[in-house]
Amino acid sequence: MNTEIYRFKLGTFECMAVSDGTFTYTPPNFPPPATFLFANAPKERLEQVLREHNLQLEQWVEWISPYICLLVNTGKHLVLVDTGAGGLGPNTGKLLQNLRAGGITPEDIDTIILTHGHPDHIGGNTNAEGKPAFPNARFVMWKDEWDFWNSDLAGLKVDEHTRELLSMLARKNLPPIQSQLDLIDHEAEIVPGIQAIAAPGHTPAHMALAISSGIERLLCISDAALHPIHLEQPDWHAAIEFAPQQVVTTRRQLLKRAETEKALVLAFHFPFPGLGHVIQREEGWQWKPIEMTA
Ligand SMILES: [Zn+2]
């Protein structure tokens, strides 16, 4: 099974989920996965839910997360959503080679939407030398998000080492694209058929996207949920959320919308290709991954 690129159609739009690789979250650099992903979960309930997913709390020592970017050819625009992590980890930074395998060169891309400023979403903006990797693209980001990641990051509730790392990666990947940048401050239509949705919480101005062609809908939720268990337990939030309560509100709004519109959903960190539908289940939702046809 191909876990690098996955092509699908949305109305007349030709889309491709493109892997940037995977990253392993494990101690000592990160808390154990369950603590990292479900920071506020009551222990007994957590153990029970994990068991339903064939996971044991004590034995679950690493979370191997995919990083999944999205390419959309609308016919008029070739749009990339997020640029992956670059050289952050030994198994990341595969976006360009996977795009090439899919017949796309960096020069072909005319629009890049950055959902937020975390290093796994902006890390491919520049190459190893710090030069823009997508010379012909107009970059689009939410204004408050841009401003935050170009600040001293004082509002981040992380240790100094992490703050310095995030700041260094933002400095490497954001200022070099400034001359290619369009900032938005409302739920604008970025290109025909792709609309920004304010989805704050994970970061100060995290952005989701509503993509539509004909009657078909795709909701790109980026990091509003990091793991399928966040759908079943929408009130459980990760340790890294900028504003945990806001994450919960945003997530519930997006999932309700996805279910109402019967939209296809793309989640950046879910098992490849990160595509599926959500159905209501008890107090939350259930993830129904698509069946990969190729
Ligand atoms: Zn992420």
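Whatever order the structure lists ligands and atoms in, that order sets their numbers, starting from 1. Note that the numbering runs from 1 along the sequence shown for the chain.
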The Zn ion (ligand 1) reached by H116 (N, O or S, under 2.8 Å): no
N, O or S atom of H269 closer to the Zn ion (ligand 1) than 2.8 Å: yes
Heavy-atom side-chain proximity of I229 to L37 below 4.5 angstrom: no
Flag side-chain contact, heavy atom, 4.5 Å: P204 against H116: no
Atom nearest to the Zn ion (ligand 1) - D223, N, O or S atoms considered: OD2
Closest approach to the Zn ion (ligand 1) by D120, given as the N, O or S atom name: OD2
Q48 and R45 side chains, donor-acceptor separation under 3.5 Å: yes
Plane angle bin for F23 and Y67 - parallel if under 30°, tilted between 30 and 60°, otherwise perpendicular: parallel
